[in-house]
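Numbering of residues begins at 1 and proceeds along the displayed sequence. What you see is a predicted model, and the numbers here were worked out from it, not measured in a lab.
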Amino acid sequence: MCGRFTYRYQWRQLAEMLRLIYWPGVELTPRFNVAPTQDAPVIRLAADGTREGVMLRWGLVPSWADDPSVGGRNINARAETIAEKPTYRQAFAARRCLVPVSGFYEWRTLADGKTKQPYWIGRHDGEPFWLAGVWEQSGVGGQTLESFSILTTSPNDFMRALHDRMPVLVAPTDVETWLAATPLNPPERERLLAPSPMLDFEMFPVSRRVSSPQAEGPELIARVEVPPDFQGFLF
């Protein structure tokens with residue numbers, strides 16, 4: 001799964017990289033521990049078909065839901081079933097989006113069988129990359145709520161040591177296809193939802209403070225040493 005992520009870019013940087021036409025006038029502040037139900041930057045198609053950057057709530061709330069708390073159960077959508085699940089089916093067909101991140105966290109149970117050690121995963125060059133997402137609009141309490149989920153798939157060789165799931169990454173050459181407001185054909189779907197090889201990525205252990213949604217700051221992505229008694233593997 002993908003339960004936390006980081007971003008250290010600005011809207012103007014994303015605008016140049018992704019050819020955005022619209023984005024919020026308030027500049028982004030770096031985040032080092034974005035947690036479910038919090039707002040985060042998302043890239044999608046605007047009503048006129050151009051690309052826009054928006055802040056949406058993480059945890060998709062279906063259009064028929066009358067309680068926004070259901071979004072807490074929908075932070076991730078499985079790539080294998082997203083086309084059939086009622087919660088995601090329509091969004092996957094016509095409301096796909098990108099979730100730009102600078103990195104994400106994953107946890108591994110260590111040799112003692114109970115300690116969960118977080119690892120941060122990001123590009124070697126520090127550049128942002130794009131996670132595959134879907135978004136939805138719902139009316140809750142008389143107000144419009146827009147929210148998103150991140151797609152996950154089976155792990156590649158790089159991620160398998162940490163978890164049996166990983167986020168779906170969208171390559172720069174696939175951005176236009178992914179953002180199109182039309183259903184994907186079967187070959188496109190199979191290719192786009194396959195695990196990325198992540199050849200230019202790194203991972204390393206970080207502070208267990210990141211497990212708290214209230215924790216924030218650049219020290220969360222600083223490399224730490226795992227106690228020798230708990231080392232399950234080394235990089």
Start with the C-alpha distance between L14 and R51, add both sets of side-chain angles, then the distance that settles side chain to side chain contact (heavy atoms under 4.5 Å, CB included), and finish with yes or no.
-> CA-CA 11 Å; L14 293 181; R51 296 179 188 176; over 6 Å; no

Is there a side chain to side chain contact (heavy atoms under 4.5 Å, CB included) between L98 and R44 once you walk through the steps?
-> CA-CA 7 Å; L98 302 175; R44 66 183 182 184; over 6 Å; no

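F158 places none of its side-chain heavy atoms less than 4.5 Å from the side chain of L199. Residues V134 and Y88 have side chains in contact (heavy-atom distance under 4.5 Å, counting atoms from C-beta outward). Side-chain contact check for L169 versus W130: every heavy-atom pair is 4.5 Å or farther apart. Using a 4.5 Å heavy-atom threshold, the side chains of L60 and W135 count as separate. With contacts defined as side-chain heavy-atom distances shorter than 4.5 Å, the pair Y9/P41 qualifies. Within the 4.5 Å cutoff, the side chain of I121 has no heavy atoms near those of the Y105 side chain. Under the 4.5 Å side-chain criterion, counting only non-hydrogen atoms from C-beta, L131 is in contact with C2. Residues V42 and M55 form no side-chain contact, since every pair of their non-hydrogen atoms from C-beta on lies 4.5 Å or further apart.
A distance-only check finds no donor-acceptor pair linking the side chain of N33 to the backbone of E216 [under 3.5 Å]. E202 places no side-chain N or O within 3.5 Å of a backbone atom of D125 that could act as its donor or acceptor partner. Checked by atom type and distance alone, the side chain of R78 never pairs as donor or acceptor with a backbone atom of E80 at under 3.5 Å. No donor-acceptor pair under 3.5 Å is formed between the side chain of N74 and the backbone N or O of T87. Distance alone, capped at 3.5 Å, is enough to place a donor-acceptor pair between the R165 side chain and the T152 backbone. Looking only at distances, a side-chain donor or acceptor of R96 sits under 3.5 Å from a matching main-chain atom of F92. Judged by distance alone, the side chain of N156 and the main-chain N or O of S196 form a donor-acceptor pair under 3.5 Å. In this structure a side-chain-to-backbone donor-acceptor pair under 3.5 Å is missing from E52 to I43. Between the R123 side chain and the S102 main chain, no donor and acceptor come within less than 3.5 Å of each other.
We find that E136 and R95 are joined by a salt bridge, their nearest charged nitrogen and carboxylate oxygen being less than 4.0 Å apart. Between R57 and E146 there is no salt bridge, since no side-chain N of the basic residue sits under 4.0 Å from a carboxylate O of the acidic one. Salt bridge present: R209 and E219 bring a charged side-chain N and a carboxylate O closer than 4.0 Å.
Here the CZ atom belonging to F129 is positioned 14.5 Å from the OH atom belonging to Y7, to the nearest 0.5 angstrom. E106 contributes atom CD, which lies 11.0 Å from atom CZ of R4 (distance to the nearest 0.5 angstrom). From S149, atom OG reaches atom CG of N76 across 7.0 Å, with rounding to the nearest 0.5 Å. The structure places CG of D39 at 10.0 Å from OG of S147, a figure rounded to the nearest 0.5 Å. How far CE of M159 is from CG of D164: 10.5 Å, rounded to the nearest 0.5 Å. Once rounded to the nearest 0.5 Å, the distance linking CD1 of I82 with NZ of K85 reads 11.0 Å.
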Could you list the donor-acceptor pairs under 3.5 angstrom formed by side chains in residues 17-29, with sequence neighbours left out?
residue : atom : partner : partner atom : Å
Y22     : OH   : D48     : OD2          : 2.9
E27     : OE1  : W11     : N            : 2.8

Check: residues 171-188 side-chain donor-acceptor pairs under 3.5 Å, at least two apart:
residue : atom : partner : partner atom : Å
D174    : OD1  : R191    : NH1          : 2.8
D174    : OD1  : R191    : NH2          : 3.3
D174    : OD2  : R191    : NH1          : 3.1
W178    : NE1  : C97     : O            : 2.8
N185    : OD1  : E188    : N            : 2.8
N185    : ND2  : E188    : OE1          : 3.4
E188    : OE1  : N185    : N            : 3.1

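The aromatic rings of W58 and F148 lie parallel to each other, with less than 30° between the two planes, well short of the 60° mark.
Closest approach of P36 and I75 over heavy atoms only: CB-CG2, 3.4 Å. Closest approach of V99 and G133 over heavy atoms only: CG2-CA, 4.5 Å. V34 approaches A40 most closely through the heavy-atom pair CG1-CB, 4.1 Å. T109 approaches K116 most closely through the heavy-atom pair OG1-NZ, 3.1 Å. Minimum interatomic distance between P213 and Q38 (heavy atoms only, all atoms of both residues): O-NE2, 4.0 Å. W107 and S211 make their closest contact through NE1-OG, 2.9 Å (heavy atoms, listed as atom of the first residue, atom of the second, distance).
Side chains of S138 and W64: no donor on one and acceptor on the other come within 3.5 Å.
Every residue two or more places apart in sequence or in another chain that forms a side chain to side chain donor-acceptor pair (under 3.5 Å) with R160 is listed here: D157.
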